[in-house]
Amino acid sequence: MNIDFFKQSMLKNKDVIAVISDGEKYTFTEIYKKYEKSVEFLEQLNIPAGSVVSLRADFKTQSIALLLALIERDAIIVPISPTIKEPGRYIEISESEYFFDISGSETIVKATGNVVKHPMLSKLRVEKVPGLILFSSGTTGEPKAAVHDLSLLLEKFKRPGKTLTTVTFLLFDHIGGFNTMMHTIANGGTIITLKTRSPDEVCSLIEKYKIELLPTSPTFINLILLNKMYEKYDLSCLKMMTYGTEPMPEATLKAINKILPNVKLKQTYGLSEIGIMPTKSEENTSLWMKLGGDGFETKIIDGILYVRAKSAMLGYLNAPSPFDADGWFNTKDKVEVKGDYIKILGRTTDLINVGGEKVYPVEVESCLLECAGVLDVRVYGEDHPLMGKVVAAEIKVSEENDNRDFIKKVRAYCKDKLEGYKIPVRFKLTTENLYGDRFKKKR
Amino acid sequence: MKELIREILKEAIDELNEQLDDNEKVVFGEDTRFIGSHACIDSMGFVTFISIIEELIADKMGKNIQLVNEKAFSQKHSPFYSIETLANYIETLLNEKD
């Protein structure tokens with residue numbers, strides 16, 4: 001694929017700092033040089049055009065350079081984040097012929113011996129377009145491999161856009177992380193890479209490098225609030241925080257807006273299967289948003305959101321096509337509608353059916369988060385012989401609250417705030433974190 | 001053991017009352033009915049009450065028992081009728097567990 005639009009942008013912004021990583025600053029000139037070296041490297045290795053290549057990497061100059069060289073070579077790229085400890089299954093499902101690991105200090109290249117058989121991958125090769133394989137982050141079962149024609153996903157980056165100095169919070173193999181990286185290269189922006197993604201690291205870098213955009217998750221925003229990071233670090237440089245990947249509790253949204261009133265809060269909506277959709281939040285404290293446009297159509301049937309996208313994936317490698325005959329994708333997100341705006345209530349798969357009454361975990365989580373002493377909470381359904389399901393809550397507490405009296409206090413708190421069937425029947429207290437590597441609740 | 005079970009039932013009622021309105025509060029007494037036409041709590045209240053009892057038994061006696069099961073419903077007289085029947089039923093379940 002011709003990547004002149006990326007190359008021209010890099011040359012135009014040659015003195016701009018493209019990446020700040022481990023305290024080192026790299027300009028686009030340096031990225032460009034590394035890209036040229038990567039092109040030579042792929043030639044030397046004799047990697048044929050159209051190869052399926054797993055790339056285990058984080059946001060480093062080397063990964064960006066290699067990614068660009070692979071796109072130009074029409075490779076089918078499988079980004080794998082270093083947080084994935086066992087990439088073997090991912091390499092197998094994606095039929096990767098090569099495995100590049102540049103997450104450590106040395107570059108590891110392996111030919112896997114895999115033979116590409118899947119028609120979807122062959123199609124990309126025949127059409128001589130680069131591909132991108134993203135794995136859905138489902139916590140149960142085997143991850144599903146979504147195959148994209150990368151030339152379609154990159155189309156939007158040919159149009160100039162504004163950039164903000166951005167911290168790469170979302171991971172390298174996440175559609176949002178990938179989008180941030182491509183947008184930055186195409187528009188001469190700056191990204192600051194992270195090592196641990198801890199609230200301390202993220203917020204100290206925001207202060208140090210005057211970061212303007214933090215793309216993140218509701219869980220992480222809750223951590224900023226809980227740890228009072230805004231008292232420890234000056235976050236006034238932030239212009240925008242975007243949140244997505246999981247439903248946002250209203251309590252968290254209101255609390256962060258109160259603490260950082262000058263920061264624009266914008267909900268994002270993206271799926272591995274369809275790409276990142278344009279969104280517009282009604283206002284900072286509102287969960288209502290406009291969704292779609294620019295190649296994305298939406299429709300709502302029985303309260304479920306369906307999307308049809310020009311940049312949609314071709315399909316899954318290891319699961320049946322989720323598209324209907326007209327190309328609509330069932331997001332399985334239950335939504336409410338108000339004029340042009342929609343509000344996401346939650347995944348239909350997370351919905352708890354309590355004797356016929358429907359409960360969305362985020363509503364209960366939002367209520368519980370307002371109760372003093374609740375540090376974090378995960379609400380889920382538990383099987384029950386009488387009701388089918390009942391609401392259960394796992395609450396993170398400090399050691400002093402790790403007792404039965406605290407549960408009594410929470411029950412009393414819920415009394416006037418939630419309908420009876422929404423009040424958790426079972427409570428489990430823990431002093432452990434409730435989120436995974438991606439700062440997303442374990443569901 | 002019966003005494004400890006009654007204490008647990010009293011504590012479970014106290015905890016349940018935390019989430020009930022003043023006019024709905026359950027009294028710990030022999031006339032209190034948990035099911036049937038004179039039941040003092042609705043179905044969600046009942047489910048929560050049972051769950052609290054199970055959790056308290058696990059906390060205080062270190063035993064995991066499930067109060068709502070097929071056996072409970074197949075009995076001629078419901079074990080969930082009153083404090084007395086519930087205490088007897090729990091005692092039986094705990095003895096079976098031993």
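The sequence lines fix the lettering, A, B, ..., with proteins before strands; numbering per chain opens at 1.
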If you tally heavy-atom pairs under 4.5 Å between each of V47(B), N17(B), D59(B), T48(B) and chain A, the highest tally belongs to V47(B)
- Out of K409(A), M387(A), R411(A), which one racks up the most heavy-atom pairs below 4.5 Å with chain B?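 When all of K409(A), M387(A), R411(A) are compared, R411(A) has the most.
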When every non-hydrogen atom of E15(B) is compared with those of I407(A), the smallest separation belongs to OE2-CG2, 3.5 Å
Practice item. Identify the heavy atoms of I423(A) and Q19(B) that sit nearest to each other, and give their distance. Key: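 Of all heavy-atom pairs spanning I423(A) and Q19(B), the closest is CG2-OE1, 3.5 Å.
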Mark yes when over 12 heavy atoms from residues, nucleotides or ligands other than [X] sit less than 6.0 Å from its [atom1]; otherwise mark no.
| X | atom1 | answer |
| --- | --- | --- |
| K428(A) | NZ | no |
| E96(B) | CD | yes |
| E86(A) | CD | no |
| Y81(B) | OH | no |

Min side-chain heavy-atom separation E419(A)-M44(B) under 4.5 Å:
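They are not in side-chain contact.
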* **Non-hydrogen side-chain atoms of R404(A) and I52(B) separated by less than 4.5 Å** =>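 R404(A) reaches I52(B) side chain to side chain.
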Cut-off 4.5 Å, heavy atoms of chain B, and the answer for V354(A) is side chain
So, the part of F427(A) with a heavy atom under 4.5 Å from chain B: the answer is backbone
Cut-off 4.5 Å, heavy atoms of chain A, and the answer for D42(B) is neither
ask   = Is chain A contacted by the side chain of F46(B), its backbone, both, or neither, given a heavy-atom distance below 4.5 Å?
value =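 For F46(B), side-chain heavy atoms alone lie under 4.5 Å from chain A.
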What distance do E18(B) atom CD and D405(A) atom CG have between them, rounded to the nearest 0.5 Å?
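Output value for this atom pair is 9.0 Å.
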By residue number, those in residues 376-385 of chain A with heavy atoms under 4.5 Å from heavy atoms of chain B are H384(A), P385(A)
